> 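I am attaching a structure below and will ask some questions about it afterwards.
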Amino acid sequence: ELIRQSSIEVGPPLFFSLLIITLSFLPVFTLQAQEGRLFAPLAYTKTYAMAAAAILSITLVPVLMGYFIRGKITPEHKNPLNRALIAIYRPVIKLVLKAPVLILLLALTVAASGVYPLTKLGSEFMPDLDEGDIMYMPTTFPGISIGKAQQLLQQTDKLLKTVPEVKTVFGKIGRAETATDPAPLTMIETTIQLKPRSEWREGLTSEDIRRELNELIKFPGLTNAFVMPIKTRIDMLATGIKTPVGIKVAGPDLDVIEEIGKEVEQVIKTVPGTASAYSERVAGGRYVTVDIHRRDAGRLGLNVNDIQAVIMAAVGGMNVSQSVEGLERYPINVRYPRDVRDSVEKLRNLPIVTPSGAHISLAEVADVRIESGPAVIKSEDARLNGWTLVDIEGRDLGSYVAEAQRIIAEKVKLPAGYSISWSGQYEYLVRAKQRLSQVVPITLVIILLLLYMNFRNFTEVLIIMGTLPLALT
């Protein structure tokens, strides 16, 4: 009978406590995308464990108590551990009950002391994890030639390798023949493999190495960015932004978008915590334009297709044969050397044979010139976009973006029809905050109801909930 009464007394509070712990993970289940996939396994595992424990506490545990708790049971006051704990607890509770007003004031003071530090706390979507290696992803100005890009890649690789903690350096520029890697020639991707930490200089950290590498590479027109390889790949797949913060300028005219981006770049560099900032020159590409003079070509017996075939073969190349190596086949492409293709003057002198057998130059039937244009056209929501990539250091993401938004709003005046939006990891942070701001209050209300169902006294519920500020402090 005693065991049955004890089970009745202990069972409901134990059940409700486990149920409350289970419901406290409700906000985690509402997270979406990257954050949801990351924390969902933890939430599910603990929820299943707590739910099973709550069910067993009111079903199996009382039955087992009846079977195993038998014979002589030592009273609580004879247990030496209990006596020691009661000896410590009793004078404290007597002191507290003698001066309840003073204790309440002390509790309020302690809770109030946490308000100021709480206002100074920053916010991060997710702390950076040290993946062991570093990805160097600088950005150059558009219009860089392939030869200069190769030279720049070799120079940066050599400089990176001079740091004692660097084991290997492997750089890539350009893109593969696949739509899954739309990397322009202006973006370098270099994987830096570090040596084991036991071989590092004493007292050196990963952040120190990144800072040293950043100070080592200083090229005009090259904006450095040292990031984590896996994390950056995930961010680029999700938002297209390779840095923690991205600023997107949207509007109808690429030239105006580029000018706004340049202004944003200069302003954002003044924000404390900015490691680097680069605004894409969306209208800064260079193109060789061949404008065919149809009347002059027709007078010589040439049509547009004849002239375009010569240009295509000289610049783009023409497959003239095929090399067979076992089961593999490779096309043989013939075209003019790079020094000819990169020179407008030499392109103007391309020889063309007329139907009458006369030899003329391309300049006699076409105007060959270099024109500016968009290197890459990006659009979102049917609006043209230009991105500004911002890397930060020494500051949390939330406070940095808040200050940057305020400064840009004050100093950058947008024309009608243009807008600025913030992306990157900040986009994840805003989405998670919005979702949690809705779900957390609902979760607290449900916990209040569960506590009331257990105590049947709203005053006791408020006393328990009143301990939360002290717990946070």
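Atom set for the values below is all heavy atoms of this structure, side chains included, hydrogens, waters and symmetry mates excluded. Since we're looking at a predicted model, the values are computed, not measured.
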> Specify the closest pair of heavy atoms between L300 and P355, including all atoms of both residues, with the distance to one decimal.
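L300 and P355 have their closest heavy atoms at O-CD, 3.7 Å.
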> Could you please spell out the steps behind the side chain to side chain contact (heavy atoms under 4.5 Å, CB included) verdict for I408 and W422?
CA-CA 12 Å; I408 288 179; W422 297 76; 3.6 Å; yes
> Do the non-hydrogen side-chain atoms of E403 and P272 ever get within less than 4.5 Å of each other?
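Side-chain contact under 4.5 Å: yes.
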> Walk me through it: do K378 and W387 pass the test side chain to side chain contact (heavy atoms under 4.5 Å, CB included)?
CA-CA 9 Å; K378 297 177 180 177; W387 296 354; 3.3 Å; yes
> Does the T274 side chain pair with the main chain of I268, one donor and one acceptor, at a distance under 3.5 Å?
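It does hold such a pair.
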> Ignoring hydrogens and geometry, is there a side-chain-to-backbone donor-acceptor pair from D208 to T205 under 3.5 Å?
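Yes: the side chain of D208 pairs with the backbone of T205.
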> Which distance, rounded to the nearest 0.5 Å, do you find between the CD1 of I307 and the NE2 of H293?
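If we round to the nearest 0.5 Å, I307:CD1 and H293:NE2 are 9.5 Å apart.
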> Donor-acceptor pair, distance only, cut-off 3.5 Å: does the side chain of R335 make one with the backbone of A314?
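A pair under 3.5 Å: no.
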> Looking at side-chain heavy atoms only, is the closest gap between V166 and L194 below 4.5 Å?
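A side-chain contact under 4.5 Å exists here.
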> Using a 4.5 Å cut-off on heavy atoms from C-beta on, say whether the side chain of Y136 contacts that of T156.
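Yes; the side chains approach each other to less than 4.5 Å.
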> Just wondering, do L450 and L448 contact through their side chains at under 4.5 Å, heavy atoms?
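The answer is no, as the side chains (C-beta and beyond) never meet within the 4.5 Å cut-off.
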> Do the numbers put K195 on top of the ring of W200, so that NZ or CZ is under 6.0 Å from the six-membered ring centre and no more than 45° off the axis?
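The answer is no, since K195 fails at least one limit relative to W200.
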> So how far is it from Q151 CD to I173 CD1, rounded to the nearest 0.5 Å?
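Rounded to the nearest 0.5 Å, the CD-CD1 separation comes out at 11.5 Å.
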> Compare all side-chain heavy atoms of P252 with those of L384 and state whether any distance is below 4.5 angstrom.
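No; the side chains remain at least 4.5 Å from each other.
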> Contact between I332 and N319 at the side-chain level, heavy atoms closer than 4.5 Å - yes or no?
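Counting from C-beta outward, I332 and N319 never come under 4.5 Å.
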> More than 12 non-hydrogen atoms from neighbouring residues, nucleotides or ligands closer than 6.0 Å to CD1 on I407, yes or no?
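Atom CD1 in I407 is crowded, with more than 12 foreign heavy atoms closer than 6.0 Å.
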> Would E215 and E212 satisfy side chain to side chain contact (heavy atoms under 4.5 Å, CB included), going step by step from the backbone distance to the final call?
CA-CA 5 Å; E215 293 295 329; E212 182 178 345; 5.9 Å; no
> Between D391 and P244, what is the shortest heavy-atom contact and its length?
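D391 and P244 have their closest heavy atoms at OD1-CD, 3.5 Å.
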> Check whether any side-chain heavy atom of K248 sits under 4.5 Å from a side-chain heavy atom of S423, and report yes or no.
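Counting from C-beta outward, K248 and S423 do come under 4.5 Å.
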> Please identify each residue that fulfils salt bridge (charged side-chain N to carboxylate O under 4.0 Å, His left out) with E165, with sequence neighbours left out.
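For E165 the salt bridge (charged side-chain N to carboxylate O under 4.0 Å, His left out) partners, ignoring immediate neighbours, are R201.
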> Using every non-hydrogen atom in the two residues, find where L216 and L159 come nearest and quote the distance to one decimal.
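Smallest heavy-atom distance, with atoms named: CD2-O, 2.9 Å.
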> Before accepting this row, confirm whether a basic side-chain N of the pair E199/R197 lies closer than 4.0 Å to the acidic partner's carboxylate O.
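No salt bridge links E199 with R197.
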> Hey, is CZ on R294 packed in by over 12 heavy atoms from elsewhere, all under 6.0 Å?
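Result for CZ/R294: open.
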> Is it the case that the side chain of S343 and the backbone of V340 share a donor-acceptor pair, with hydrogens and angles ignored and the cut-off at 3.5 Å?
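A pair under 3.5 Å: no.
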> Could you walk me through whether V353 and I360 pass side chain to side chain contact (heavy atoms under 4.5 Å, CB included), step by step?
CA-CA 6 Å; V353 181; I360 63 172; over 6 Å; no
> Give a yes or no on whether a salt bridge exists between E345 and R348, defined as a side-chain N under 4.0 angstrom from a carboxylate O.
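Salt bridge: yes.
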> For N385 and R383, indicate whether the former's side chain and the latter's backbone hold a donor-acceptor pair under 3.5 Å.
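Yes.
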> What verdict does the salt bridge (Lys or Arg N to Asp or Glu O under 4.0 Å) test give for E258 and K262, after you've listed the backbone C-alpha separation in whole Å, the side-chain angles of each residue and the deciding distance to 0.1 Å?
CA-CA 6 Å; E258 181 175 326; K262 291 179 181 178; 3.4 Å; yes
> Without swapping roles, check the side chain of D367 against the backbone of A363 for a donor-acceptor pair under 3.5 Å.
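No, D367 side chain to A363 backbone: no donor-acceptor pair under 3.5 Å.
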> Main chain of N224, side chain of S276: is a donor-acceptor contact present, judged purely on distance under 3.5 Å?
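Flag set: sc S276 to bb N224 pair under 3.5 Å.
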> Parallel, tilted or perpendicular for Y44 and F29, by the 30°/60° rule?
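Because their plane-to-plane angle is over 60°, the rings of Y44 and F29 count as perpendicular.
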> So how far is it from L42 CG to T47 OG1, rounded to the nearest 0.5 Å?
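Spacing of CG (L42) from OG1 (T47) equals 8.5 Å.
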> Do other residues, nucleotides or ligands put more than 12 heavy atoms under 6.0 Å from the NZ atom of K433?
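Counting neighbours around NZ of K433, 12 or fewer heavy atoms of other residues, nucleotides or ligands fall under 6.0 Å, so no.
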> Find the distance between CD (E189) and CE (M187) and round it off to the nearest 0.5 Å.
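Answer for the CD-CE pair, E189 versus M187, is 4.0 Å.
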> Working to the nearest 0.5 Å, report the span between CD1 of I247 and CD of Q405.
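Reported to 0.5 Å precision, the distance equals 9.0 Å.
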> With rounding to the nearest 0.5 angstrom, report the NZ to CD distance, K411 to E263.
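Atom-to-atom, K411:NZ and E263:CD are 10.5 Å apart.
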> Side-chain donor-acceptor pair under 3.5 Å between T388 and E265, yes or no?
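The criterion, which ignores hydrogens and geometry beyond distance, is not satisfied for E265 and T388.
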> Are any non-hydrogen side-chain atoms of T190 and L153 less than 4.5 angstrom apart?
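A side-chain contact exists here, since the closest heavy-atom pair is under 4.5 Å.
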> Closest approach of I134 and P229, non-hydrogen atoms and distance?
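Looking at all heavy atoms of both residues, the closest pair is C-CG, 4.2 Å.
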> Minimum heavy-atom separation for K413 to E410, with atom names?
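For K413 and E410, the tightest heavy-atom pair comes out as NZ-O, 3.5 Å.
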> Whether the Q193 and T168 side chains hold a donor-acceptor pair (N or O, under 3.5 Å, no angle test) is what I'd like checked.
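The answer is yes; a qualifying pair exists.
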> Kindly say whether T140 contributes a backbone atom to a donor-acceptor pair with the side chain of Y278 at under 3.5 angstrom?
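A pair under 3.5 Å: yes.
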> Salt bridge check, R281 against E259: does any charged N sit closer than 4.0 Å to a carboxylate O?
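Salt bridge absent between E259 and R281.
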> Is the number of heavy atoms from other residues, nucleotides or ligands under 6.0 Å of D381 CG greater than 12?
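Atom CG in D381 is not crowded, with 12 or fewer foreign heavy atoms closer than 6.0 Å.
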> Taking everything shown except K158 itself, do over 12 heavy atoms lie less than 6.0 Å from its NZ?
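Counting neighbours around NZ of K158, 12 or fewer heavy atoms of other residues, nucleotides or ligands fall under 6.0 Å, so no.
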> Any idea which heavy atoms bring G357 and H359 closest together, and the distance?
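G357 and H359 have their closest heavy atoms at O-CD2, 3.5 Å.
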